[in-house]
Amino acid sequence: TQAVEHWARQEKRLTEEQIELFLMLYDFKQKNPDLTVEQLFNSQLLIYRGGLPRVKSLFGDLQKFLDLYEEAKTITPLDA
């Protein structure tokens, strides 16, 4: 996760708020690769942090948020 956080900060230049939500998605998907978007947005943790409206306000749209995960899942500790 450190390599992914480094990537989010240095390569993607995400804000702290964006990194917080992105790492939540990353951790959820790493622990449960079959997690659906619906399941993700029904999680109490994400709801507590503002849910879908907050994701849209920080990332522009849901797909950009999800695409970050697809890109990040290929990162290895050697990339940090």
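For the atom pair Trp7 CH2 and Ile75 CD1, the distance stands at 5.0 Å (nearest 0.5 Å). In this structure, the separation between CG on Leu62 and CZ on Phe41 is 4.5 Å, given to the nearest 0.5 Å. Phe59 CZ to Leu66 CG: the interatomic distance, rounded to the nearest 0.5 Å, is 10.0 Å. Atom-to-atom distance recorded for Phe65:CZ and Leu21:CG is 5.5 Å, nearest 0.5 angstrom. For the atom pair NZ (Lys12) and CD (Glu71), the distance works out to 3.5 Å, reported to the nearest 0.5 Å.
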- Query: Which is it for Val55 and Leu25 under the side chain to side chain contact (heavy atoms under 4.5 Å, CB included) test, yes or no, and what are the steps along the way?
  - Reply: CA-CA 11 Å; Val55 168; Leu25 168 67; over 6 Å; no
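For the side chain to side chain contact (heavy atoms under 4.5 Å, CB included) test, residues two or more places apart in sequence or in another chain that qualify with Glu70 are Lys73. Qualifying salt bridge (Lys or Arg N to Asp or Glu O under 4.0 Å) partners for Arg9, counting only residues two or more places apart in sequence or in other chains: Glu5, Glu16. Applying the salt bridge (Lys or Arg N to Asp or Glu O under 4.0 Å) test to Glu38 and every residue at least two apart in sequence or in another chain returns nothing. A search for salt bridge (Lys or Arg N to Asp or Glu O under 4.0 Å) contacts involving Glu11 returns nothing, not counting sequence neighbours.
Note on residues 56-68: no pairs pass salt bridge (charged side-chain N to carboxylate O under 4.0 Å, His left out), not counting sequence neighbours. Listed by first and then second residue, the side chain to side chain donor-acceptor pair (under 3.5 Å) pairs involving residues 21-33 are Gln30-Tyr69 (not counting sequence neighbours).
Note on Tyr48 and Leu58: separate hydrophobic clusters, where clusters join Ile, Leu, Val, Met, Phe, Trp and Tyr whose side-chain heavy atoms are under 4.5 Å apart, directly or indirectly. With hydrophobic clusters built from ILVMFWY side chains whose heavy atoms lie under 4.5 angstrom apart, Leu52 shares a cluster with Leu35. Phe22 and Ile47 sit in two unconnected hydrophobic clusters of ILVMFWY residues. Membership requires side-chain heavy atoms under 4.5 Å apart, directly or through other members.
The shortest non-hydrogen separation linking Leu46 to Met24 is CD1-SD, 3.7 Å.
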